[in-house]
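Every chain is numbered from 1, with letters handed out A, B, ... down the list of sequences.
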Amino acid sequence: MLDRPFFDRPVLDVSRDLIGAFLAFDGVGGRIVEVEAYDEADPASHSFRGPTPRNAVMFGPPGHAYVYKIYGIHFCLNFVCRPGSAVLIRALEPQAGLPRMHERRGGVVEKQLCSGPGKLAQALGINLDHNGLALDRPPFLVRPADDSHPIATGPRIGITKGMETPWRFVLAGSPFLSKPLSPERKAL
DNA sequence: GGAGGGATTGGCT
DNA sequence: GCCAATCCCTCCG
């Protein structure tokens, strides 16, 4: 079980170590195959301009869920690390509760159940009610990766600032990513 | 008090 | 590839 000490570390270390970890929400989830790191010095981060009502959880204790709504439609799930930093969970390899994922996501193929931050939140049933919940107890369950995985990094997706910062981490070669990594780079 | 915009997705050209 | 959908949060007046 991953709890506060795991998340009370530099956000890049946490991001790398989350690749291959298992995430479930109310028994629905899978292996984390794609994340992105954000911190307070980063113009792409919600925490860049300091604490506000929306991002308050990012400045709270490590090991909690920061959930926000994007484009008025979708939800995105982050894991809070040290104050002002968080890891956006972007894609899972579905492993648990697949029938419920399919119900929530409609008639998509398995590869597309959790291949993006909004899709993942929809498949797991995560919304603003879950903002601020601790990650080390139900309905959340986060378990460490049981062995090492080939990790690749690259630029983050969809942002309009900080595009040059290669803080996207993926499980190299996974077919469950939101987008292929290009060009492929070695992990730090 | 109000306008502008976003760490996305899915559908259409 | 392009673009609309749709909610607050943030910032400015």
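- Using a 4.0 Å cut-off on heavy atoms, the residues of residues 97-106 of chain A that approach DNA chain B are Arg105(A), listed by number.
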Steps toward side-chain contact (heavy atoms from CB on, under 4.5 Å) verdict (Leu92(A), Leu124(A)): CA-CA 10 Å; Leu92(A) 298 182; Leu124(A) 271 57; 4.0 Å; yes

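- Residue pairs meeting the side chain to side chain donor-acceptor pair (under 3.5 Å) criterion with at least one partner in residues 58-73 of chain A, sequence neighbours excluded, are His46(A)-Tyr66(A).
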Residue pair Ser178(A), Glu34(A): steps toward the side chain to side chain donor-acceptor pair (under 3.5 Å) verdict: CA-CA 8 Å; Ser178(A) 63; Glu34(A) 176 179 347; 2.7 Å; yes

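- Sorted by residue number, the members of residues 29-47 of chain A with any non-hydrogen atom under 4.0 Å from DNA chain B read Tyr38(A), Ala44(A), His46(A).
- There is no path of hydrophobic side-chain contacts, each under 4.5 Å, that joins Ile157(A) to Ile70(A).
- Taking the 5' to 3' direction, DNA chain B first and last meets chain A under 4.0 angstrom from a heavy atom at dG6(B) to dG10(B).
- Phe22(A) and Leu18(A) fall into different hydrophobic clusters, defined by Ile, Leu, Val, Met, Phe, Trp and Tyr side-chain heavy atoms under 4.5 Å apart, directly or through other members.
- With sequence neighbours excluded, the residues satisfying salt bridge (charged side-chain N to carboxylate O under 4.0 Å, His left out) with Glu36(A) are Arg90(A).
- With sequence neighbours excluded, no residue forms a salt bridge (charged side-chain N to carboxylate O under 4.0 Å, His left out) with Asp136(A).
- Straight-line distance between the C1' atoms of dG10(B) and dC8(C): roughly 22 Å, to the nearest whole Å.
- Val109(A) and Val28(A) fall into different hydrophobic clusters, where Ile, Leu, Val, Met, Phe, Trp and Tyr are joined by side-chain heavy atoms under 4.5 Å apart, directly or via other members.
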Secondary-structure string, 5' to 3', Watson-Crick or G-U under 3.5 Å, | for another-strand partners, for DNA chain C: |||||.||||||.

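- Partners of Phe140(A) by ring pair (Phe, Tyr, Trp, His ring centres under 6.0 Å), not counting sequence neighbours, listed by chain and number: Phe25(A).
- Listed by chain and residue number, nothing satisfies the salt bridge (charged side-chain N to carboxylate O under 4.0 Å, His left out) test with Asp3(A) (two or more places apart in sequence, or in another chain).
- Near-neighbour residues of DNA chain C inside residues 108-131 of chain A, defined by a heavy atom below 4.0 Å, are absent.
- The hydrophobic cluster containing Phe176(A) also contains Ile19(A), counting ILVMFWY residues as joined when their side-chain heavy atoms lie under 4.5 angstrom apart, directly or transitively.
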Steps toward side-chain contact (heavy atoms from CB on, under 4.5 Å) verdict (Val142(A), Phe79(A)): CA-CA 10 Å; Val142(A) 188; Phe79(A) 293 169; 4.1 Å; yes

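- With a heavy-atom cut-off of 4.0 Å to chain A, the contacted part of DNA chain C has its first and last nucleotide at dA5(C) to dC11(C).
- By the criterion of side-chain heavy atoms lying less than 4.5 angstrom apart, applied directly or through intervening Ile, Leu, Val, Met, Phe, Trp or Tyr residues, Phe6(A) is not grouped with Val57(A); the two fall into different hydrophobic clusters.
- Proximity of a side-chain donor or acceptor of Arg82(A) to a complementary backbone N or O of Asp8(A) within less than 3.5 Å is detected.
- A heavy atom lying under 4.0 Å from DNA chain C marks the following residues of residues 63-76 of chain A, by number: Lys69(A), Tyr71(A), Gly72(A), Ile73(A).
- Taking the P atom of each, dG2(B) and dT6(C) are spaced 22 Å apart, rounded to whole Å.
- In terms of modelled atom types and a separation under 3.5 Å, the side chain of His149(A) and the main chain of Asp147(A) share a donor-acceptor contact.
- Distance check: Asp42(A) CG to Trp167(A) CH2 gives 5.5 Å after rounding to the nearest 0.5 Å.
- The heavy-atom pair separating Tyr38(A) from Val11(A) by the smallest distance is O-CG2, 4.0 Å.
- Checking side-chain atoms of Arg105(A) against main-chain N and O of Gln112(A) turns up a donor-acceptor pair under 3.5 Å.
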